[in-house]
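These numbers come from a predicted model, not from an experiment. All chains are named by letter (A, B, ...) in the order of the sequence lines, taking the proteins before the strands, and each is independently numbered beginning at 1.
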Amino acid sequence: MSELGEGTASALRRAWLQGMREAGGTPAAVLGAGYIGFGALARDADFSLLLSLVSTFAIWALPGQIALIELYNLGTAAPALILAVMLTAARFFPMTASLLPSLRHPRWRAPHYYLAGHLVAMTGWAVAMRRFPQMRRVERLPYFLGFTVLLWLACAAGTIIGYQLSYLFTDLVTLGLVFLNPMYFFLVLCGETRSRLGVTALLCGAIAGPLLHLLVPEWSLILAGVLGGTLAFLLLETGQRRS
Amino acid sequence: MSSDWSLWGLVLACALATYFWRGTGVFVSGRLDTDRPVFRWLACVAYATLAALIARIVFMPAGILEETALWQRLLASALALAVFLLTRKNLFLGVIAGGAGLMLIKVMSDGVVSGLHW
């Protein structure tokens, strides 16, 4: 592609469509299937279809949405429930703060960034972290929005399908659907993470997570992220200085 | 009706609680240069948090996954990874192998299960 095409409307549209195309295969199918499980859980918990959809669009984080349903079913008090969902969402702070600088371009304004921030979730983030370095700066935001908006819609469709068909699902089927997500995240991170930084940090976090959960279940995710991430950072920094 | 409204309030509160982190991340990122070490540290924290989340779901799940044993979840995860690697990193097949594998392992090892509607 020639430099002449940079930043033109058609180049930006291509980037947006490229994002949609890349999200349209496996990511949409698998994440959508995970949301079928969510839709079924939501109906079992007597959520309305509209409210289930609102939760998909507005929360846009499957682990948090499943925690909401399951804690609600257990009759958890509202403040404790909201705190639990908030703690599982803390990952979005480092994810957004580390991704957004590479999305910036003079062409875009604050509302673009705050919209992109809302759409940050594991899949789009992991793919963007890998793809952005080879991509022209101005095309990153449209690519990212194309990718994540398509996923958003696929997951909304999954929510509706799961909600409407939940009477067909036995607990075994729901179990399989709910398990698709951790498996998807697991494989996405294994497959998309090529950098030494990413791999080191993943290993530190995977070890720190369950260990800290035994000690401080409520705060384990934040602590595992900060402690595991810092450990990985220190390992990498000292390794770099020596080499 | 009132319980409907409180449920809406609950979902919206959870949405705000979730967006709080994303919005703060966007705000802070406006003041960061990607070359600064703090950017690398944040990326480390993000990767570590995601790995911790997945490890926790597999090792100590809440909700419906609690109905499975640890070895069943580990075996299904290993199956997903094996299929993923053997199919030249085909995500779709890997994930399906994990989900279907867990269902199969559950049925074969527990037989007909009491209580829940399997």
Side-chain angles (χ1 to χ4, degrees), chain A residues 26 29-30 51 54-55 58-59 61 64 68 70 78 82 85-86 89-98 100-102 113-114 117-118 120 122 170-172 174-176 178-180 182-187 191 197-198 201-202 204-206 208-210 213 221 224-226 228-229 232-233, chain B residues 7-8 10-15 17-19 21-26 28-29 32-34 39-60 62-65 67-68 76-77 80-81 84 89 91-92 94-95 98-100 102-103 106-107 116-118:
Chain A
T26 299
V30 179
L51 190 58
V54 166
S55 108
I59 299 179
L68 160 65
E70 286 178 341
I82 295 164
V85 171
M86 188 156 179
R91 66 183 184 280
F92 292 124
F93 173 71
M95 288 168 73
T96 311
S98 59
L100 261 284
S102 46
Y113 301 134
Y114 283 96
H118 178 65
V120 167
M122 169 121 47
T170 64
D171 288 339
L172 184 64
T174 309
L175 179 79
V178 168
F179 197 61
L180 290 181
M183 287 302 95
Y184 177 68
F185 293 160
F186 171 51
L187 297 182
L197 176 149
L202 284 178
C204 290
H213 190 75
L221 219 53
V226 172
F233 179 73
Chain B
L7 203 50
W8 274 86
L10 200 59
V11 169
L12 292 180
C14 288
T18 304
Y19 190 75
W21 300 107
R22 289 172 165 138
T24 312
V26 176
V28 167
S29 75
L32 285 182
D33 177 354
T34 49
F39 169 81
R40 287 201 302 282
W41 177 74
L42 279 171
C44 282
V45 171
Y47 277 113
T49 314
L50 294 177
L53 175 67
I54 297 163
R56 205 205 55 197
I57 294 175
V58 171
F59 282 92
M60 298 132 182
I64 190 165
L65 286 176
E67 304 297 329
T68 56
S77 308
L81 186 62
F84 179 66
K89 301 201 171 177
L91 256 182
F92 189 75
V95 172
L102 185 65
M103 290 164 67
K106 174 82 185 159
V107 169
L116 289 165
H117 165 55
W118 295 105

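Proximity to chain A is limited to the side chain of B/V58, based on heavy atoms less than 4.5 angstrom apart. Within the 4.5 angstrom heavy-atom criterion, atoms from both the backbone and the side chain of B/L91 approach chain A. With a threshold of 4.5 angstrom between heavy atoms, B/L53 approaches chain A through its backbone and through its side chain. Using a 4.5 Å cut-off between heavy atoms, A/L68 contacts chain B through its side chain alone, with no backbone atom that close. With a 4.5 angstrom heavy-atom cutoff, B/F92 touches chain A via backbone and side-chain atoms both. Neither the backbone nor the side chain of B/A100 has a heavy atom closer than 4.5 Å to any heavy atom of chain A.
Of the listed residues A/A89, A/A208, A/G209, A/P182, the one with more heavy-atom pairs under 4.5 angstrom with chain B than any other is A/A89. Residue with the most contacts toward chain B among A/A232, A/A61, A/S55, A/P210: A/P210 (heavy-atom pairs, distance under 4.5 Å). Your options are A/A78, A/A29, A/G198, and the one with the most heavy-atom pairs under 4.5 Å with chain B is A/G198. Most heavy-atom pairs under 4.5 Å with chain B, from the set A/L51, A/V226, A/V30, A/L197: that is A/L51. Interface summary for chain A: among B/A46, B/G98, B/A55, the most heavy-atom pairs under 4.5 angstrom belong to B/A46. Comparing B/G23, B/C14, B/G99 by how many heavy-atom pairs each has under 4.5 Å with chain A, the most go to B/C14. By number of non-hydrogen pairs under 4.5 angstrom with chain B, the leading residue of A/G225, A/C204, A/G228, A/A58 is A/G225.
Atom CE in A/M95 sits 6.5 Å away from atom CE in A/M122 (nearest 0.5 Å). Atoms CZ and CG, from A/R91 and A/L221 in turn, are 7.5 Å apart once rounded to the nearest 0.5 Å.
Distance alone, capped at 3.5 Å, places no donor-acceptor pair between the B/K106 side chain and the A/G176 backbone.
A/F93 is listed as a side-chain neighbour of B/V28, based on a closest heavy-atom distance under 4.5 Å. The shortest distance between side-chain heavy atoms of B/I57 and A/F186 does not fall below 4.5 Å. The shortest distance between side-chain heavy atoms of B/W21 and A/M86 falls below 4.5 Å. The shortest side-chain heavy-atom distance between B/L50 and A/F185 does not fall under the 4.5 Å cut-off.
In terms of the ring pair (Phe, Tyr, Trp, His ring centres under 6.0 Å) criterion, A/F179 has no residue partners (sequence neighbours excluded). Every ring pair (Phe, Tyr, Trp, His ring centres under 6.0 Å) that B/Y19 has, sequence neighbours left out, goes to A/H118.
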